[in-house]
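Written out below as structure tokens is the structure these notes cover.
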Amino acid sequence: MTKYVINGGNPLYGEVEISGAKNAAVAIIPAALMVDGVCRIENLPEISDVKTLLGILKEMGAKIRAVDKRTVDIDCTRVGTTLATFDTMRRIRASYYLIGALLGRFGRADVAMPGGCNFGGFRPIDQHIKGFTAMGANISIKNGIVTAVTGDTLRGTTIYLDVVSVGATINLMLGAALASGRTIIENAAREPHIVDLANFLNSMGADIRGAGTNEIRVRGVKRMTGGFYSVIPDQIEAGTYMAAAAATGGRVVVKDIIPRHLESISVKLREMGVTVVELEDSIIVQRDAPLLRTHVKTMPYPGFPTDMQPQISAVLCQAEGTSTVTEGVWDNRFKYVDELSKMGATVRIHGRTAIIEGVRALSGAPIKASDLRAGAALVIAGLSAKGRTVIDGVDYIERGYEKMVSKLSLLGADIRAISDRQDFLFIRKSG
Ligand code: EPZ
């Protein structure tokens, strides 16, 4: 197991290149299952969730060829199984996209229930099930396996989502791409990765309109064929480096991004007294004055992203006055607050709101990441704290952030990854 050791207090300066979007990549890779022929996917992030999904497709019989570090050719023409029940699937949330992809292609899917970040509370899939059932699938769940069966193909219909769900929108869009007739998804999620998946499917021959609005219309096609596609930049990775720049002070150019995707984050940082300058495909974040308090509420896109909630809270721990952060998407996503408290943060949780009394400085401590974004928040806290922070549980971080340690080091952070054994030796030496 790896840990991150951070000696905090260095303002970040320089440029950071943002990788391809995790949450787009983990939808596009399963979508390749529905395509006859070779899909070349470029700008994939080098993260463990991507490796896990490529491994699952390979186990199912796909031919996968790495063209370079960020580009793969995937050919699923020969995949003949509808069974995806590998142990690895329980580690990642996005494995549920195999339900839509397999149902769309074969009319049947037997898929292990998804895992993924557990930030407290159950993560339901009732909206996925409701949608597939409306499209004619019979669904049962037994021994942790979701089995979905249709007569021949899924049938297009109108589906109204009772909650704005990214996963259900993506899964139903996948199923609908090869369904018979027209599917309308109402109250659809609008996140950039939904648009990216629709663009990928359309470039392979699907007929999807309205992605990025709350009504997506899909005219089912008989088959999709191969092609090239490049994944969009990661909105949340970019936001995380913006938050790190704000927390530590300094000046960071966040490169290779789509500034429009980051508007809700830029607005909040400006409210906190941070200078944010949007250029064509980069953003400059600079802080030269104390951070000001603000209020944040997470919402589906284009609102402030829930996947940035822990990171912005870590920044606000050091802002003057009382800030509030309200979680509007998940029932409970504040597990990381106990760890921030170990660093001297003053945070109270009241229902879905964190009430943060800013402190002058955080202090380094041994802490543990409980999920991906919680881990990112702890890194931000460690970078801006006085003294040494050791973060355990960084496997979560490496599921979704490409080379975080080297990207931060290039910005001047004193951060390194060590193994448990090195940590043990360190403790013996200091003891
Ligand atoms: C996706 O999860 C992301 N994961 C999450 O990012 C992100 O937090 C979330 O969307 C919201 O933006 C991936 O893209 C792989 P949802 P997903 O379905 O699709 C409720 C990260 O850090 N709901 O949009 O699982 C649910 O309980 C990860 O990268 C139902 O009630 O989220 C929640 O309150 C963590 N029934 C809300 O909807 C359902 O059937 C939004 O969930 C589905 C969801």
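Atoms within each ligand, like the ligands themselves, are counted from 1 in listed order.
- Ion pair Arg217/Glu215 flagged as a salt bridge, since at least one NZ, NE, NH1 or NH2 atom sits closer than 4.0 Å to an Asp/Glu carboxylate oxygen.
- Using a 4.0 Å cutoff on heavy atoms, Ala168 does not count as a contact of ligand 1.
- Residue contacts with ligand 1, taken as heavy atom pairs separated by less than 4.0 Å, involve Val163 solely via side-chain atoms from C-beta onward.
- Only the side chain of Arg373 comes within 4.0 Å of ligand 1, judged by heavy-atom distances.
- Using a 4.0 Å cut-off to heavy atoms of His128, the atoms of ligand 1 that qualify are 40 (O).
- With a heavy-atom cut-off of 4.0 Å, Val329 touches ligand 1 through backbone and side chain alike.
- Of all atoms in ligand 1, listed by their number and element, those nearer than 4.0 Å to a heavy atom of Thr306 are 8 (O), 11 (C), 12 (O).
- The N/O atoms of Asn23, backbone and side chain alike, include one that comes under 3.5 Å of an N/O atom in ligand 1.
- Where the criterion is an N or O separation shorter than 3.5 Å, residue side chain and backbone included, Leu372 fails it with respect to ligand 1.
- The ligand atoms of ligand 1 that sit less than 4.0 angstrom from a heavy atom of Lys22 are 21 (C), 29 (O).
- Contact annotation for Asp126 and ligand 1: heavy atoms of both the backbone and the side chain come within less than 4.0 Å of the ligand.
- Listed by number with element, the atoms of ligand 1 under 4.0 angstrom from any heavy atom of Arg333 are 8 (O), 22 (O), 35 (C).
- A perpendicular orientation is assigned to the rings of Phe200 and Tyr229, their planes being inclined by more than 60° (bins at 30° and 60°).
- In terms of polar-atom proximity, His193 is not counted as a contact of ligand 1, lacking any N or O under 3.5 Å from an N or O of the ligand.
- Salt bridge Asp110/Lys142: absent, no basic N to carboxylate O contact under 4.0 Å.
- Annotation for ligand 1: atoms under 4.0 Å from non-hydrogen atoms of Gly167 are 18 (O), 19 (O).
- If you look at Tyr396 next to ligand 1, there are no close heavy atoms at all, none under 4.0 Å.
- Taking a 4.0 Å cut-off on heavy atoms, Tyr96 registers as neighbouring ligand 1.
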